[in-house]
Amino acid sequence: MPYQAPRGTADILPDDINRWQHVEHVFGALAASYGYREIRTPIFEDRDLFIRTSGETSDIVTKEMYEFVDKGGRNLALRPEGTASVMRAVIEHGLCPQGVIQRLFYFVSFFRYNRPGRGRLRQAHQAGIELIGATGVQADAEVIEIAATAAKSLGVADLVTTINSIGRSEARAKYREVILSHVESWLRDQTTEAQDKARKNPLGLLDSKDEDAKKALVGVPSILEFLEDESKARFDKLQQLLTDAGVSYIVDPMVVRGLDYYTETVFEGVSPSLEGLSIFGGGRYDNLIKAIGGSATPSVGFGMGIERILLAMEANGLQVSAYKPDVFAIAATPDAETTVLRLAREFRGAGLKVTTDPDVRSLKSQLRQADRSGAEYALIVGSDELSKGTVQIRSLATSDQTEVQIEQALREVTSSKVGA
RNA sequence: GCGGAUGUAGCUCAGGGGUUAGAGCGCCUGACUGUGGCUCAGGAGGUCGUGGGUUCAAGACCCAUCAUCCGCCCCA
């Protein structure tokens with residue numbers, strides 16, 4: 001094989017495309033029903049933008065970004081997530097001036113140089129929404145509701161939504177110290193790299209799947225105990241709103257998310273069928289816009305991994321119907337070719353999906369192709385029909401075949417389709 | 001970045017040093033002079049992932065490399 005798709009990338013083949021379109025359609029329609037509008041941003045940005053948003057010390061920035069210098073000497077990077085670009089666009093185009101609430105959704109490819117595996121790619125796809133300009137907790141609830149509803153209506157029946165609050169930065173700073181002192185003796189036996197990492201981001205330890213780390217964390221108090229009163233009240237109201245909305249959730253104080261920019265509410269969606277992978281993840285990030293040079297604007301949003309949704313859909317047994325033409329138009333003899341092509345065009349003009357055999361092979365072969373294509377009807381014209389001005393309409397499911405005047409063919413097919 | 005498994009036909013896989021590399025499915029043609037699916041017969045399709053090495057002889061053994069899958073890390 002001379003060339004293969006680069007490591008960690010995947011082609012989306014015609015047999016799979018219906019599933020992708022289904023996801024995009026369902027997600028887009030849902031977001032639109034809440035008043036969100038789509039935004040599309042470039043696939044690469046100033047490298048610095050992502051450093052500002054994801055955090056200098058985050059894994060994404062330190063080892064997972066696709067970076068390059070263009071011929072003009074600009075330091076650029078393929079986007080490693082969706083939010084930063086959207087926020088940059090919001091600032092650049094003044095989409096969210098003081099007092100305005102802006103609702104946006106997007107579908108993007110994003111790029112991370114990591115080790116590919118099940119549900120983990122180097123180029124992956126994400127659907128997401130951003131609710132910008134709203135401070136109130138109702139916004140958090142709306143966003144979580146959309147995430148959970150999207151996943152459920154896409155067939156993730158076993159979705160588990162977990163929520164947590166990581167409070168304001170003051171509360172987090174206090175809590176970080178608590179964690180570090182709790183695991184101090186364990187940390188001493190770790191590699192310097194692990195120690196470094198733990199010191200830079202103690203909250204990250206909570207997410208760890210390492211058994212020893214988990215053991216060391218036993219008995220660590222919950223971050224919820226360190227929240228300020230306002231944060232606590234906010235988190236209580238969030239739960240109230242979600243319950244009212246009929247969104248089932250569990251509170252998990254261990255959910256912290258990896259990006260530096262989150263404040264207060266964080267959440268994620270997982271499926272038991274996709275162990276260790278989150279389907280969606282998001283939260284509130286009130287400091288993000290300010291951090292990249294905009295005026296302080298509160299925001300909340302999430303990203304949902306499309307590949308992961310598809311895996312979970314599959315695990316939950318959801319099928320999406322494949323493309324099938326309505327009609328396969330056949331020239332039984334070569335002299336009928338132009339008539340068949342004209343007929344096909346007429347049918348297409350009426351909104352039907354019509355395919356032909358460009359090689360005009362034998363009738364038998366064309367019928368075989370028609371059968372395989374999944375078409376509902378075969379239209380057959382040969383020299384006999386040509387001289388009579390007729391066409392054979394054959395149902396491929398029942399083998400019923402009727403001969404009608406060629407001008408009647410379209411009406412015949414559309415009426416029986418409606419009737420069926 | 002670390003550990004493990006795997007790369008042979010379009011797909012799923014057999015072959016584990018010895019002529020010309022196989023099966024099932026799929027594809028094409030025919031039996032059926034103008035009628036698909038079922039059956040039968042025939043046919044096309046392979047630089048055995050790639051590059052080195054060992055050997056009289058390598059798809060097989062060794063080394064490297066690339067890729068895929070499963071864990072870890074990280075996350076969507």
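For clarity, every value in this text was computed on a predicted model and none was experimentally measured. Side chains included, hydrogens not; waters and symmetry mates left out as well; all remaining heavy atoms used. Note on naming: letters A, B, ... go to the chains in the order of the sequence lines (proteins, then strands), and numbering restarts at 1 for each one.
For RNA chain B, the neighbouring residues in residues 362-369 of chain A, judged by any heavy atom under 4.0 Å, are L363(A), K364(A), S365(A), L367(A), R368(A).
The base of rG34(B) sits within donor-acceptor range of the side chain of E385(A), with an N or O pair under 3.5 Å. At a cut-off of 3.5 angstrom, the base of rA76(B) holds no donor-acceptor pair with the side chain of R120(A).
Residues passing the side-chain contact (heavy atoms from CB on, under 4.5 Å) test with I91(A) are I289(A), I292(A), sequence neighbours excluded.
Base orientation of rG16(B): syn (glycosidic angle within 90° of 0).
Between R47(A) and E67(A) a salt bridge is recorded (basic side-chain N to carboxylate O distance below 4.0 Å). One finds no salt bridge joining R88(A) and D46(A) here, because no Lys/Arg side-chain nitrogen approaches an Asp/Glu carboxylate oxygen to under 4.0 Å.
Using a 30° and 60° split on the angle between ring planes, F267(A) and F302(A) fall in the perpendicular class, above 60°.
One interatomic measurement links the two molecules: CZ of R115(A) to P of rG71(B), which rounds to 13 Å at whole-angstrom precision.
The residue R361(A) sits close only to the backbone: its heavy atoms come under 4.0 Å of sugar-phosphate atoms, none of a base. Residue contacts for A370(A): at a heavy-atom cut-off of 4.0 Å it reaches no nucleic acid atom on any strand shown.
Using the Watson-Crick or G-U wobble rule with both distances under 3.5 Å, rA23(B) pairs with rU12(B).
Annotation: cation-pi geometry not satisfied between R40(A) and Y106(A) (NZ/CZ under 6.0 angstrom from ring centroid, within 45° of ring axis).
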